[in-house]
Amino acid sequence: MFSPIDKVPTEIFMEIFKAACTDDGATGRSLSLVSHFVNEASKGVKLQSLAIVGLRQIMTAAVMLENTPPEFRRVKHLFLSGGPQHEDPNDRQEFLRDRTNNAGASGAAHFDGACKAFCRILEFTAPTLLSFYLASEVSRNCTLLPVSMPALVELTVHCPFPSTPWDYYGEGSDFHSLRRLRIIGPNDYNEKVFQDISEQAPYLTHLAFIPKCPSRVLHLDLEIALGIPRRRNRRHLFPTFVYAKRVTLPSTLTHVYVQPGVNVPGVNTHSSFEDSARIMINGIKAVAKLDKRVILLKPGTTLLNEDRAKVDWLYGRPVDFDAN
């Protein structure tokens with residue numbers, strides 16, 4: 001006897017599965033266990049939203065994607081973190097256990113192997129990937145990504161940059177579809193940040209800088225990178241690479257968001273941290289008066305730790321471009 005569900009066209013199920021698979025991949029895994037029909041009908045969408053957390057999952061995901069036929073390897077939204085994610089604030093023990101296990105995995109699986117697996121994941125997902133959130137407590141050796149992403153529209157990099165530009169690679173990567181870029185968590189940056197954004201993402205429309213700590217020089221670099229003419233009475237106390245090379249950000253930019261770190265309760269108002277915050281806020285305000293694309297955000301209320309990035313990815317982001 002046939003069930004009424006047998007009369008429903010497969011295309012209808014595809015739309016249902018597509019709407020359902022918008023989490024970290026748990027729904028897709030569950031669909032695989034429902035029935036043979038559901039497993040087969042959902043193959044094209046069950047991987048469309050995926051979270052990969054920790055070195056073990058990075059290694060496993062690379063093999064899984066390699067063994068998946070290209071027509072079913074349609075990842076559209078990806079979150080990837082090299083370390084464990086603290087998703088439940090009430091379960092600190094689980095987070096510490098995951099961190100310990102991840103440390104053991106780094107020794108067993110070798111860090112180099114995980115880096116190669118990371119690049120393979122990017123290569124496998126590049127043809128269809130629309131949004132990517134990368135979180136890591138380890139500094140990377142490229143500004144954006146080491147692999148070109150022809151379809152990528154939105155990118156969030158939540159990790160530090162190298163302190164010098166000579167350790168970089170991936171200069172040939174292209175992100176011509178990239179429109180929205182968030183740079184979260186760096187304590188410092190160098191000339192390659194502005195240069196790579198200009199060269200690799202030439203059609204960018206939205207850019208956000210959300211550092212962990214306030215910067216004394218970001219407003220100076222941003223002023224020239226946006227093509228704002230130098231004022232005659234402007235004295236630059238800090239020599240910067242951007243001024244020396246005259247790097248200019250894409251002219252397609254319509255919004256540039258800057259958050260001056262976080263408010264730290266109990267910090268002395270005369271501390272160097274407060275001085276840096278004051279310099280940054282006043283500097284960004286001055287740039288915003290000269291260029292209406294620049295938007296100063298209020299200081300954050302919590303530290304932007306890499307181990308809470310998945311929560312930001314799933315439930316909300318420090319800067320929601322769609323809401324601004």
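Hydrogens, waters and symmetry mates play no part in the numbers below; they use all other heavy atoms, side chains included.
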Between [atom1] on residue [X] and [atom2] on residue [Y], distance to nearest 0.5 Å:
X      : Y      : atom1 : atom2 : result
Leu145 : Phe132 : CG    : CZ    : 5.5 Å
Leu178 : Leu152 : CG    : CG    : 5.5 Å
Gln200 : Ser148 : CD    : OG    : 8.0 Å
Asp196 : Leu144 : CG    : CG    : 6.5 Å
Leu297 : Ile281 : CG    : CD1   : 11.0 Å
Arg179 : Leu155 : CZ    : CG    : 13.5 Å

Heavy atoms only: give me the nearest [X]-[Y] pair and the separation to one decimal.
X      : Y      : value
Ile279 : His219 : CG2-CE1, 3.9 Å
Pro250 : Ala201 : CG-O, 3.3 Å
Ser173 : Val147 : OG-N, 3.6 Å
Leu78  : Ile52  : CD1-CD1, 3.9 Å
Pro260 : Pro214 : O-CB, 4.1 Å
Phe124 : Arg73  : O-CD, 3.4 Å

Using a 3.5 Å distance criterion without hydrogens, assess whether the side chain of [X] forms a donor-acceptor pair with backbone atoms of [Y].
X      : Y      : result
Gln259 : Lys298 : yes
Thr248 : Gly227 : no
Thr252 : Leu204 : yes

Beyond-backbone contact of [X] with [Y], side-chain heavy atoms, under 4.5 angstrom:
X      : Y      : value
Val75  : Leu65  : yes
Pro146 : Leu122 : yes
Phe194 : Leu222 : yes
Thr205 : His255 : no
Phe79  : Val53  : yes
Leu130 : Glu154 : no
Ser131 : Lys76  : no
Lys46  : Phe72  : no

Cluster overlap Leu290 with Leu218, hydrophobic side-chain contacts below 4.5 Å: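 Leu290 and Leu218: one cluster.
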
Same apolar cluster (I L V M F W Y, side chains within < 4.5 Å links), Val256/Ile228: yes

Test side chain to side chain donor-acceptor pair (under 3.5 Å) applied to Thr128 - qualifying residues, sequence neighbours left out: none

Sequence-distant partners of Asp291, side chain to side chain donor-acceptor pair (under 3.5 Å), two or more places apart: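 Asp291: side chain to side chain donor-acceptor pair (under 3.5 Å) contacts with Arg293.
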
Distance-only polar pair, side chains of Tyr133 and His158, donor-acceptor under 3.5 Å: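 Yes, side-chain donor-acceptor contact under 3.5 Å.
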
Working for side chain to side chain contact (heavy atoms under 4.5 Å, CB included), residues Tyr257 and His206: CA-CA 8 Å; Tyr257 302 91; His206 291 67; 4.2 Å; yes

Residue of the set Met64, Glu66, Glu71 for which side chain to side chain contact (heavy atoms under 4.5 Å, CB included) holds with Thr68: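 When Met64, Glu66, Glu71 are each tested with Thr68, the side chain to side chain contact (heavy atoms under 4.5 Å, CB included) holds only for Met64.
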
